[in-house]
Amino acid sequence: MKVYPIALVDCNNFYASCEKVFNPKLKNKPVVVLSNNDGVIVALSAEAKALGIKSFEPLYKVKPLIEKHNVAVFSSNYTLYGDLSNRVMTTLKHFSPDVEVYSIDEAFINLKGFEWQDLTQYCKKIRDTVEKWTGITVSIGIAETKTLAKLANRIAKKNPEHNGVLNIYNLPDKDEFLKKLQVEDVWGVGRQYTKLLNGMSIRTAYDLANANQLWIKKKMTVQGLRTVKELNGLPCIKQEYSVPAKQSIVSSRSFGRYITEKNEIKEAVAGFVHRASEKLRRQNSAANMISVFLRTNPFKETPQYHNGCQVGLPFPMNSPAEMIEYAMAAVDQIFREGFLYQKAGILLAGIVPVETVQRTLFENIERREKIKKLTAVMDKINSEHSAGTLYIAAAGTDKTWAMKREMKSPAYTTSWKELPIVKASNISIYKKRD
DNA sequence: TCTGGGGTCCTAGGACCC
DNA sequence: TCTGGGGTCCTAGGACCC
């Protein structure tokens with residue numbers, strides 16, 4: 001069987017690079033980007049890494065270092081990152097018809113049909129073009145399988161002598177290459193499996209490639225077995241060229257401060273329903289189940305409580321106006337007085353395409369039609385202006401518990417127009433943002 | 001002070017049916 | 001009354017990813 005080359009393109013220090021693209025003053029300066037609520041550092045520029053700052057370190061721990069070296073600190077700005085991600089992916093599509101967008105900053109490119117030319121040179125051209133068109137620097141690894149392409153990418157990124165591109169497709173001495181890589185560097189091997197494998201003296205990618213496959217399957221399931229085969233150059237993870245519809249949609253958040261009141265939890269949960277249902281509609285789906293959960297802060301020595309409640313919906317739905325009552329009933333079920341709540345969220349599951357939704361005998365068709373129209377109006381306004389321009393009034397208007405985002409960069413890529421008051425319908429569940 | 005959010009896949013085990 | 005096997009469906013939990 002002929003195995004074709006596949007490339008993994010990965011944006012370097014993506015979030016930090018995005019912040020730099022529109023702000024020339026940050027050139028060659030250390031930059032870090034924070035998680036939601038400004039809690040921990042989730043992205044660093046090369047200069048920030050060089051200072052010894054680590055990913056997932058809480059901001060307060062590195063405050064002295066940040067102040068000393070004048071590091072630029074940003075709250076995360078997902079609108080900006082999403083927009084730049086789209087530009088990068090669009091650029092990649094000029095170089096191959098088969099681009100799989102794997103995450104916000106990564107894509108697999110099928111290079112079948114390009115083998116006749118020097119793949120390293122071709123990928124250098126991709127790299128230069130992306131940089132020129134978007135301002136984002138990428139690294140590229142080329143190999144027979146996704147798992148090997150990931151490894152090549154990692155080496156390309158770490159070692160400047162490769163100029164960001166490493167091709168190990170048809171590399172004769174692949175064993176030597178694998179021997180230089182730790183087993184924990186392999187895609188699919190996390191902390192737990194590293195412990196397990198090291199216990200069996202499996203320490204390098206080479207060791208893993210040659211491990212006993214029966215044992216691997218028993219201990220690491222078929223996924224582990226696939227990893228081993230992929231390390232041996234046998235493709236087992238296929239490419240997905242269209243984004244499959246999500247099977248579950250989560251919306252959850254830590255609060256900017258502790259919540260003790262039920263009505264505030266309800267506001268937050270209403271907001272989660274709004275956002276999750278928006279994602280649901282974007283993929284033309286409806287959900288059969290909603291589950292609501294809340295919890296105190298497990299890191300704090302205050303009384304602990306966490307609970308969840310699943311509610312089967314009477315028919316598949318995707319409008320917040322319909323779902324909200326079930327979510328609120330769930331909150332009533334699980335909320336207990338006397339705790340400091342730190343986080344809550346919802347999960348939508350039992351997701352089906354909208355076309356398959358059957359009307360049930362009992363549903364109030366007139367009300368459903370109204371809600372459907374209203375939801376469509378809301379989606380239209382929110383997509384033309386700014387997400388969250390219109391939202392459910394149940395989600396509250398003051399939101400003193402909302403997450404902290406004190407250092408957000410400006411909206412470079414989206415504009416915000418002031419809206420007239422919209423009277424969308426006689427169903428008064430939506431409000432314009434204040 | 002402080003500790004992210006949003007996903008996927010897989011397996012084990014229980015309930016239930018024939 | 002007890003025992004058995006095979007199959008399906010569902011859920012909880014553990015592992016991973018970015």
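Here is how names work: the chains are called A, B, and so on, in the same order as the sequence lines, proteins then strands, and each is numbered from 1. Any value given below was found using the heavy atoms of this structure, including those in side chains, with hydrogens, waters and symmetry copies removed.
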| Is a side-chain N or O of A/T204 found less than 3.5 angstrom from the main chain of A/V183, in a donor-acceptor match? | no
Rounded to whole Å, the CG-P distance (A/L196 to C/dC16) equals 10 Å
Mind checking if A/Q310 touches a base, just sugar-phosphate, or nothing, with heavy atoms under 4.0 Å? sugar-phosphate
- request: Looking at every strand, decide which applies to A/F56 at a 4.0 Å heavy-atom threshold: base, sugar-phosphate, or nothing.
  value: base
Margin query: Checking side-chain polar atoms at under 3.5 Å, does A/N110 have a donor or acceptor matched by the opposite partner on A/S96?
Written below: no
Assign each of A/A245 and A/K300 the nucleotide of DNA chain B bearing its closest heavy atom; nearer the 5' end lies the nucleotide of A/K300
Rounded to whole Å, CZ of A/F108 lies from P of C/dC17 at a distance of 12 Å
Atom NZ of A/K218 and atom P of C/dA15 are separated, to the nearest Å, by 16 Å
Atom CD1 of A/I41 and atom C1' of B/dG4 are separated, to the nearest Å, by 13 Å
Between CD of A/Q223 and C1' of B/dT8 the distance, given in whole Å, is 8 Å
Separation of B/dC10 atom P from A/K217 atom NZ, nearest Å, is 11 Å
Are A/W187 and A/Y102 near enough that their ring centres are under 6.0 Å apart? yes
Quiz item: Salt-bridged, A/K262 to A/D332, with N to O below 4.0 Å?
Solution: yes
Review point. Just checking A/E106: base, sugar-phosphate only, or nothing, at a heavy-atom cut-off of under 4.0 Å?
Key: sugar-phosphate
Comparing A/T221 with A/G39, nearest DNA chain B nucleotide closer to 5' gives the residue A/G39
- N-O pairing of A/E100 and A/K238 below 4.0 Å: no
Discussion item. Hydrogens and angles aside, do A/N13 and A/K49 bring a side-chain donor and acceptor to less than 3.5 Å of each other?
Written reply: yes
Stems with DNA chain C, 3 or more Watson-Crick or G-U pairs in a row (under 3.5 Å), are B:5-18 with C:5-18
How would you label the contact of A/S76 with the nucleic acid (heavy atoms, under 4.0 Å): base, sugar-phosphate, or nothing?
nothing
Spacing of the C1' atoms in B/dG4 and C/dC17 (rounded, Å):
14 Å
From the candidates C/dA15, B/dG5, B/dC2, the one with an atom nearest any side-chain atom of A/Y193 is C/dA15
Review point. Using a cut-off of 4.0 Å on non-hydrogen atoms, how would the nucleic acid contact of A/K246 be classed: base, sugar-phosphate, or nothing?
Key: sugar-phosphate
Testing B/dT3, C/dC16, C/dC17 for proximity to the side chain of A/F299, the answer is B/dT3
query: B/dC10 phosphate, OP1 or OP2: any side-chain N/O from A/R226 under 4.0 angstrom?
result: yes
message = Looking at C/dC17, I'd like to know if its phosphate oxygens (OP1 or OP2) sit under 4.0 Å from a side-chain N or O belonging to A/S103.
response = no
Between A/R87 and A/D83 (salt bridge meaning N to carboxylate O under 4.0 Å), is one present in this structure?
yes
Select base, sugar-phosphate, or nothing to describe what A/D38 touches, counting heavy atoms under 4.0 Å on all strands.
nothing
Classify A/K150 by what it touches in the nucleic acid, base, sugar-phosphate, or nothing, heavy-atom distance under 4.0 Å. sugar-phosphate
A/N37 has its side chain closest, among C/dC18, B/dC10, B/dG5, to B/dG5
Atom CZ of A/R253 and atom C1' of B/dG4 are separated, to the nearest Å, by 9 Å
Against the side chain of A/Q247, the closest entry in B/dT3, B/dT11, B/dT8 is B/dT8
**OP:** Would you mind classifying the nucleic acid contact of A/K63 as base, sugar-phosphate or nothing, using non-hydrogen atoms under 4.0 angstrom?
**Re:** nothing
Taken to the nearest whole Å, CD1/A/I351 to P/B/dT8 is 8 Å
Should A/S252 be listed as having a side-chain N or O under 4.0 Å from OP1 or OP2 of B/dG6?
-> yes
*asked:* What contact category does A/I249 fall into here, base, sugar-phosphate, or nothing, at under 4.0 angstrom with non-hydrogen atoms?
replied: sugar-phosphate
Under 4.0 Å, counting only non-hydrogen atoms across every strand here, what does A/V250 touch: a base, just sugar-phosphate, or nothing? sugar-phosphate
- Item | Sub-6.0 Å ring centroid separation between A/Y122 and A/F114 | yes
*Return no unless some side-chain N or O of A/R257 is found under 4.0 Å from OP1 or OP2 of B/dT1.*
no
Do A/N12 and A/T137 have side-chain N/O donor and acceptor atoms under 3.5 Å apart?
-> no
Review point. Which is true for A/K279 with a 4.0 Å heavy-atom rule: it touches a base, it touches only sugar-phosphate, or it touches nothing?
Key: sugar-phosphate
